[in-house]
Amino acid sequence: KQAMQLVVRVESGDRTSTFRIQVGDGRKSFKWLALVAAQRFGSESPKGKLRQRERKFPCTNPANTNLVPSRCYTEDQDFFHPDALLVEQLRDGDHLTVEVA
């Protein structure tokens, strides 16, 4: 059986990024997926140049913070239990949005 891959859009304020995340056989939780997506999003450098105050105070740069997922949803479902397994709720290639703060 082919490995499952999901398209995850991460949103934080006005910044968004989309990642393809391999989830193997899908027997991983939504919590796991949201944390992986948040980590990838956080390690990506923000697009565009740093504004003046971000250069002086690196803590205001969103890429330096540990982002915590606050919500996971798809077009037709607005809540997934953090411990639910991906394979039970989603299919290969599905799109999911994770909000981080």
Side-chain angles (χ1 to χ4, degrees):
K1 196 181 157 202
Q2 190 188 343
M4 191 173 166
Q5 177 176 257
L6 299 170
V7 179
V8 181
R9 177 185 161 96
V10 183
E11 298 181 349
S12 175
D14 55 4
R15 203 176 131 229
T16 64
S17 281
T18 303
F19 306 99
R20 289 186 172 276
I21 298 180
Q22 299 285 344
V23 297
D25 61 4
R27 302 195 66 76
K28 293 180 168 72
S29 69
F30 280 87
K31 180 180 179 180
W32 173 88
L33 180 67
L35 289 168
V36 167
Q39 189 179 3
R40 264 199 214 174
F41 184 76
S43 62
E44 195 187 49
S45 64
K47 293 172 180 44
K49 285 168 64 174
L50 288 182
R51 294 186 297 258
Q52 197 60 43
R53 71 169 181 272
E54 288 175 340
R55 257 187 241 120
K56 283 192 205 125
F57 305 106
C59 60
T60 59
N61 177 348
N64 291 345
T65 56
N66 272 337
L67 296 162
V68 179
S70 56
R71 197 168 154 237
C72 239
Y73 59 94
T74 60
E75 265 182 20
D76 22 63
Q77 192 163 345
D78 64 1
F79 173 81
F80 292 99
H81 191 281
D83 297 329
L85 296 182
L86 300 170
V87 72
E88 292 168 359
Q89 310 272 341
L90 301 172
R91 285 202 275 294
D92 183 47
D94 275 0
H95 289 244
L96 182 82
T97 300
V98 175
E99 287 178 4
V100 295

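Computed from a predicted model, the values in this text were never measured in an experiment.
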**Request:** Search all heavy atoms of Ala3 against all heavy atoms of Asp92 and return the closest pair with its distance.
**Result:** O-OD1, 3.9 Å
**Complete:** For Val7 and Gly93, the nearest pair of non-hydrogen atoms, with its separation, is CG2-O, 4.2 Å
**Fill in**
Heavy atoms of Phe79 and Gln77 approach each other most closely as O-NE2, 3.1 Å
**Residues, nucleotides or ligands: over 12 heavy atoms within 6.0 Å of Arg27 CZ** = no
**Prompt:** Just by modelled atom types, is the Gly24 backbone N or O under 3.5 Å from a matching donor or acceptor in the Gln22 side chain?
**Reply:** no
**Prompt:** Which distance, rounded to the nearest 0.5 Å, do you find between the OG1 of Thr18 and the CG of Leu96?
**Reply:** 11.0 Å
**Complete:** Shortest non-hydrogen pair, Val98 vs Ala34, comes out as CG1-CB, 4.1 Å
**Fill in**
Value for CD (Glu11) from OG1 (Thr97), rounded to nearest 0.5 Å, stands at 5.5 Å
**Prompt:** Would a hydrophobic clustering, with Ile, Leu, Val, Met, Phe, Trp and Tyr connected at side-chain separations under 4.5 Å, put Val36 with Phe30?
**Reply:** yes
**Message:** Check whether Arg15 reaches the backbone of Phe41 with its side chain - one donor and one acceptor, N or O, closer than 3.5 Å.
**Reply:** yes
**Asked** Should we say atom CD of Gln89 is surrounded by more than 12 heavy atoms from elsewhere, each under 6.0 Å from it?
**Response** yes
**Prompt:** What do you reckon, is NZ of Lys28 surrounded by more than 12 foreign heavy atoms closer than 6.0 Å?
**Reply:** yes
**Request:** List the steps and the verdict of side chain to side chain contact (heavy atoms under 4.5 Å, CB included) for Thr74 and His95.
**Result:** CA-CA 6 Å; Thr74 60; His95 289 244; over 6 Å; no
**Request:** Looking only at non-hydrogen atoms, find the nearest pair between Ala38 and Val100 and report the distance.
**Result:** CB-CG1, 3.7 Å
**Asked** Short question: side chain of Ser70, backbone of Glu99 - any donor-acceptor pair under 3.5 Å?
**Response** yes
**Message:** If I compare all heavy atoms of Arg91 with all of Leu6, which pair ends up nearest, and what's the gap?
**Reply:** O-CD2, 3.5 Å
**Message:** Using the rule that Ile, Leu, Val, Met, Phe, Trp and Tyr join whenever any side-chain heavy atoms are under 4.5 Å apart, tell me whether Trp32 and Val8 fall into a single cluster.
**Reply:** yes
**Prompt:** Do you reckon Ile21 sits in the same ILVMFWY cluster as Met4, going by side-chain contacts under 4.5 Å, direct or chained?
**Reply:** yes
**Request:** Say whether Val23 and Leu35 are linked into one hydrophobic cluster, either directly or through other cluster members, by side-chain heavy-atom distances under 4.5 angstrom.
**Result:** no
